[in-house]
Each structure stands twice: as structure tokens, then as C-alpha cells.
*Asks:* 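Here's a structure for you.
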Amino acid sequence: MIVMKFGGTSVKDAGALQNVASIVMARGGKKPLVVLSAGAGVTDTLISIARRAAETDTKSALEYLSHLRERQFTTAKTLLEDEYRHNVLQAFTQQFEELEMLIKGVSILQELTPRVLDHFMSFGEQWSCLLFEQKLLQEGHNAEWVDSREVMITDDDYTKSTPQFDITENRSRQYIFPIIQKNHIVVTQGFIGSTQQGITTTLGRGGSDYTAAILGSFLDAEEIQIWTDVSGVLTANPTIVPDARPVREMTFNEAAELAYFGAKVLHPSTILPAIKKKIPVRVLNSHQPDDDGTLITANNTQPTTGILPNGDNVVKSIAHRSGITIIRIQSTRMLMAHGFLAKVFEIFAKYKKSVDVIATSEVGISLTIDDRTGLDNIVKELDEIADVHVDPDKAVFSIVGENMKKAHGVAGRVFTALGTAGINVELISHGGSEINLTFVIKEEQVKRALLALHDEFFTQRKIHSDKESQ
Ligand code: ADP
Ligand code: ASP
Ligand code: MG
């Protein structure tokens, strides 16, 4: 069996859902598991409704809700014939009544807890599943929606819950496997889970990819397909680099680094479940289903010989993430006192703050974090052992390629290109995983840096090969 996950733009309206149905029917084989996101913008709108309610802006919360209702009802009416539409509209009506009550409740309490926010967010994926299940039935296919809250069991860290793998594995085999055995198509929500007590949770924004990978690994899928709105993992973020192009093949390690360092096309946790069972992950474009996309496997298919010394053919893609903060910590004691580093990391661990890039010198350490919540407490504790300087508005870049460890000259090219573009590099980390070169610059220079680097590693190479083929 294969897992086919479709993201927000792929299910955004009746036309998109019709297209997804065609893809599933043409390429799903006999027994795909289809994981669906909420329609594009739906999760954002649900969050905004919940926040407005908490700010007692009930009127605008209800207005937004009525736009959502209109959108869902229109989709149902366009996509489905009477017989199949009936059940969906009945469910929609109940769900929108529930949301209206939730808005009123949150407005009265003037408080939006993460648990309640998860409840708000959970409707988008349900709407996609309700519609899609009926669409498949209408097309004469055996399809069943399995509510992911029965299967994806998580802890109660609302809005960013962690799956409990043992229970989820059992539940996948219990609830999904028998339906697949019958050659029926299973449809389920990405992103949404529940605690063992049945309280709705979510896996963190963009978490539908993660759902697909987890379920795929528990069901021993032959392939996990991530269908999105671009033709694979590209050489850079296409919203900044218009001529970014798909990378045909990459390794799990390369994809994991890229996702971690900001390539939004894959949720950062997606690759881990696939690695465990060595299940290939394919990133495909639902708007261009015949494009090859990107195949992610354990194998490094790039030749290890014949690598050009200057790094051509080595860099696979460039990821970046904005909103980064550098924390510079200088030991106030004489040089690097024994235990200083341990104490620093202990403080970050205490506040569950993950650190991305680290550079040390004899008297201090600089590191980056991507989320400043709770930073005040960390700084207060660090102040007791060091001079601390917080430097916000940065961006982290990661140049990724498995064969970089065998090439030389890549770092030289990176920093020459940045220097020529007038960009100051504030922190560098190389060698952590051997397959990436990571550095931090000012956020305002992201576009210029990315264009310069893409030009250096991809555009120029294209010009060379164009010349060669003439
Ligand atoms: P979905 O809703 O299908 O999950 P996302 O918006 O989460 O889609 O991810 C796809 C988007 O990721 C693309 O439209 C693109 O703008 C962005 N993106 C950022 N970096 C990359 C990259 N290196 N390769 C491909 N897409 C990228
Ligand atoms: N709908 C969720 C979000 O927008 C999950 C996803 O699309 O992956 O974050
Ligand atoms: Mg996504």
C-alpha cells in the first residue's frame, strides 16, 4: 500500500478535490491511505476566529465563521450530487453550530487555552475528509473515513503534541489495516490527534506530513507520497528564487536537514519515521501530477567519484529560516571555566528551549534559537554566570549536500559569494553533520543572500551545462 498526503492548496475547493480524486484513482493502486490537510487558509482562519473570540470581538469572529461556512457549503454543492451531499451538509450544519457555541464560550471567558485552540483547529481537516470520502463513494469507490482522533494518540502538549508511538501503532493496525485489507481506500485527517482520554490535539503547524509518515511507517507502506503545490523539493524557496528547480533525488539525511532549516515543503519531523523503515518519500505536485518530483531514499545515488573539486554537483539545495535570535554568552570567569558549557546547556534544557546553531570560543559561546518565548527567564539565569547579549532579527541558512564532505571549496564559494553581495556572516557552523554548512546573517539580507548563493551553485552550473551541450 502507499500513503498519499495532500496539502492545503491541493484540497482548497471543489475543483482541487476533484483533481485529487482523479490522482488517487489513477495512481493510488488498490489500497491507498489518503491523508488530507484542511483547505488552504482554513486553519489560519480558524485560529483567527478563536483569537477574535478571546478578544471579545465576537461580531467579527462570527463574520469569519460565516465566510467559512459559505466556503464549505459551496464546495459540497459543487463537488457532490444530492445523495452524497446530504450527509455532508448535515454534519457541516452541526459542526458550524458547535463552532458558534465555542466562539460565544471563549468570548465570555475571554480566554483561549491551547487545548481549546486545538479544538477550533481540528475542524478544517474533518471538512476535507467528509467531502473527499463522499466524492470517492460518488465515483463508485469503496472509501472509508477513519477519524484520526481514534488512531493518532498523543500526549497533552496541546498545539504541538507528540504522538505516543506504541498506542498509535496498535490503533493503526486495528482501525486502518483491516479496511486496507478489504481493498478499500482509507481517508484520514493529517495534523489531528487526541489524547488517550479523547481530547483533541494537533501535531504542530504543517503536521499533516508527519501524520502521513507515521502512519506509513506503522502500516509498512511501500511509499509515502507528499502531494503539494510545487514539483518536489526545490533548490531553494521558490517564493524568493523564481528559477529554483526540483531536485530529482536526495537522501533522507539531506531532506531532514533541509526540512529542519526551513524548507517548508516538508514538516521537519516527516523523515524520521520513514528512515526507521527505509520507506521512500516522494514529493509530488498535485497541479502537475506527471512531473517527476523528488524521490527521497536512504541511498546516495550521486556519484562519489568524479566530484568536481569546487563543489559543483555537490550542493543539493539551500534552506533558510527567518525569525532567528542569536544569544552571545561570555563567561565572566577566567577563560573557559570547567563546567561552564554544561551549565549553559542545563539552563536551556530546563526551559525546554532547543538550540540550532552553536559556535564556541575560548571565553564564550554563541547560539541561536528560533522562538523567543520564555527567553527572559533563560537570560536571567544565564546572567548569573555570564555576560549575555541577545541579538534578534537573524536568519539561518543551511547549504545541504551529502557529498559536501568529500568535496573541497564549497565553503570558499559560499563565503566569497556572500562577501561579493556585501553580506556579513555572523555565525558559522560546519561539520556538525558533515552534510551541511550552516551560517547566520541579518534577516533583512535574506533575499540578497539567497539569490547570490543560488546563482553561485545552480544558475551558473546551468549556464555551464548549456554551453557544454551546444
Ligand atoms: P502543503 O500545504 O501542500 O503542505 P506547504 O505550503 O506546507 O504545502 O509547502 C509547500 C511550499 O513550501 C511551496 O509552495 C514553497 O513555497 C515552500 N518551499 C519553501 N522552501 C522550499 C523548497 N526548498 N522546495 C520546495 N518548496 C519550498
Ligand atoms: N492544516 C494544518 C496547518 O495548516 C496542517 C497541515 O496543513 O499540514 O498547519
Ligand atoms: Mg505543509
*Asks:* Do the side chains of Arg52 and Glu55 get close enough for a salt bridge, i.e. N-O under 4.0 angstrom?
*Replies:*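 A salt bridge is absent here (no side-chain N lies under 4.0 Å from a carboxylate O).
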
*Asks:* Grab the two heavy atoms, one from Asp147 and one from Arg149, that are nearest each other, plus how far apart they are.
*Replies:*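 Looks like OD2-NH2, 2.7 Å.
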
*Asks:* Side-chain contact, heavy-atom cut-off 4.5 Å: His320 with Asn237?
*Replies:* yes

*Asks:* Output yes when Glu100 and Lys104 qualify as a salt bridge under the 4.0 Å nitrogen-oxygen rule, no when they do not.
*Replies:*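 Salt bridge flag = yes for Lys104 with Glu100.
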
*Asks:* Is any side-chain heavy atom of Ile385 less than 4.5 Å from a side-chain heavy atom of Ser331?
*Replies:* no

*Asks:* Mind telling me whether Phe439 and Phe415 have parallel, tilted or perpendicular rings, with 30° and 60° as the class edges?
*Replies:*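 Because their plane-to-plane angle is over 60°, the rings of Phe415 and Phe439 count as perpendicular.
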
*Asks:* Would you say the side chain of Thr188 lies within less than 4.5 Å of the side chain of Val151, judging by non-hydrogen atoms?
*Replies:*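 No; the side chains remain at least 4.5 Å from each other.
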
*Asks:* Ignoring hydrogens, what is the shortest heavy-atom contact between Ala244 and Pro238? Give both atom names and the distance.
*Replies:*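 Closest approach of Ala244 to Pro238, heavy atoms only: CB-CA, 4.3 Å.
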
*Asks:* Side chains of Val35 and Phe191: does their closest heavy-atom pair fall under 4.5 Å?
*Replies:* no

*Asks:* Between Val425 and Val440, is there a side-chain heavy-atom distance shorter than 4.5 Å?
*Replies:* no

*Asks:* Check this for me: does any side-chain nitrogen of one of Asp393 and Lys442 sit under 4.0 Å from a carboxylate oxygen of the other?
*Replies:* no

*Asks:* Any Lys/Arg nitrogen of Glu249 or Arg282 sitting under 4.0 Å from an Asp/Glu carboxylate oxygen of the other?
*Replies:*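 Salt bridge flag = no for Arg282 with Glu249.
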
*Asks:* Can you give me the closest heavy-atom contact between Ala236 and Ser317, atom names plus distance?
*Replies:*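 What the structure gives for the nearest pair is N-OG, 4.1 Å.
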
*Asks:* Taking only residues at least two apart or on different chains, which pairs with a member in residues 187-205 satisfy salt bridge (Lys or Arg N to Asp or Glu O under 4.0 Å)?
*Replies:* Asp44-Arg205

*Asks:* Less than 4.5 Å apart, side chain to side chain, heavy atoms only: is that true for Gln225 and Lys5?
*Replies:* no

*Asks:* Under 3.5 Å, is there a donor-acceptor pair between the side chain of Asp291 and the main chain of Gly293?
*Replies:*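 Not a single qualifying donor-acceptor pair exists.
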
*Asks:* Taking only Lys NZ, Arg NE, NH1 and NH2, and the carboxylate oxygens of Asp or Glu, determine whether Glu254 and Lys316 approach each other closer than 4.0 Å.
*Replies:*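 Lys316 and Glu254: salt-bridged.
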
*Asks:* Output all residues satisfying ring-ring contact (aromatic ring centres under 6.0 Å, His included) with Phe96, sequence neighbours left out; order by chain, then residue number.
*Replies:* Trp127

*Asks:* Testing Thr202, Thr159, Thr200 one by one against Asp118 for a side chain to side chain donor-acceptor pair (under 3.5 Å), which residue passes?
*Replies:* Thr202

*Asks:* Restricting to side chain to side chain donor-acceptor pair (under 3.5 Å), what partner residues turn up for Thr201, sequence neighbours left out?
*Replies:*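 In terms of side chain to side chain donor-acceptor pair (under 3.5 Å), with neighbours along the sequence ignored, Thr201 is linked to Thr154.
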
*Asks:* Using 0.5 Å steps for rounding, measure from the CG atom of Asp156 to the OH atom of Tyr158.
*Replies:* 5.0 Å

*Asks:* Measuring only between side-chain heavy atoms, which start at C-beta, is Ile103 closer than 4.5 Å to Met101?
*Replies:*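 No, every pair of side-chain atoms sits at 4.5 Å or beyond.
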
*Asks:* I'd like to know if the side chain of Gln72 pairs up with that of His67 as donor and acceptor (distance under 3.5 Å, no hydrogens or angles considered).
*Replies:* no

*Asks:* Examine distances only and state if a side-chain atom of Glu169 and a backbone atom of Phe218 form a donor-acceptor pair shorter than 3.5 Å.
*Replies:* no

*Asks:* Could you tell me whether Asp383 and Lys380 make a salt bridge, using a distance below 4.0 angstrom between a side-chain N and a carboxylate O?
*Replies:* no

*Asks:* Could you tell me whether the side chain of His389 reaches within less than 4.5 Å of the side chain of Ile329, counting heavy atoms only?
*Replies:* no

*Asks:* Sub-3.5 Å donor-acceptor pair from the side chain of Asp209 to the main-chain atoms of Thr270, do we have one?
*Replies:*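 Judged by distance alone, no pair lies under 3.5 Å.
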
*Asks:* Using modelled atom types and a 3.5 Å cut-off, is there a donor and acceptor pairing between side-chain atoms of Asn436 and backbone atoms of Thr438?
*Replies:* no

*Asks:* Take Glu444 and Lys447, measure what salt bridge (charged side-chain N to carboxylate O under 4.0 Å, His left out) needs, and give me the verdict at the end.
*Replies:* CA-CA 8 Å; Glu444 68 206 33; Lys447 186 171 178 187; over 6 Å; no

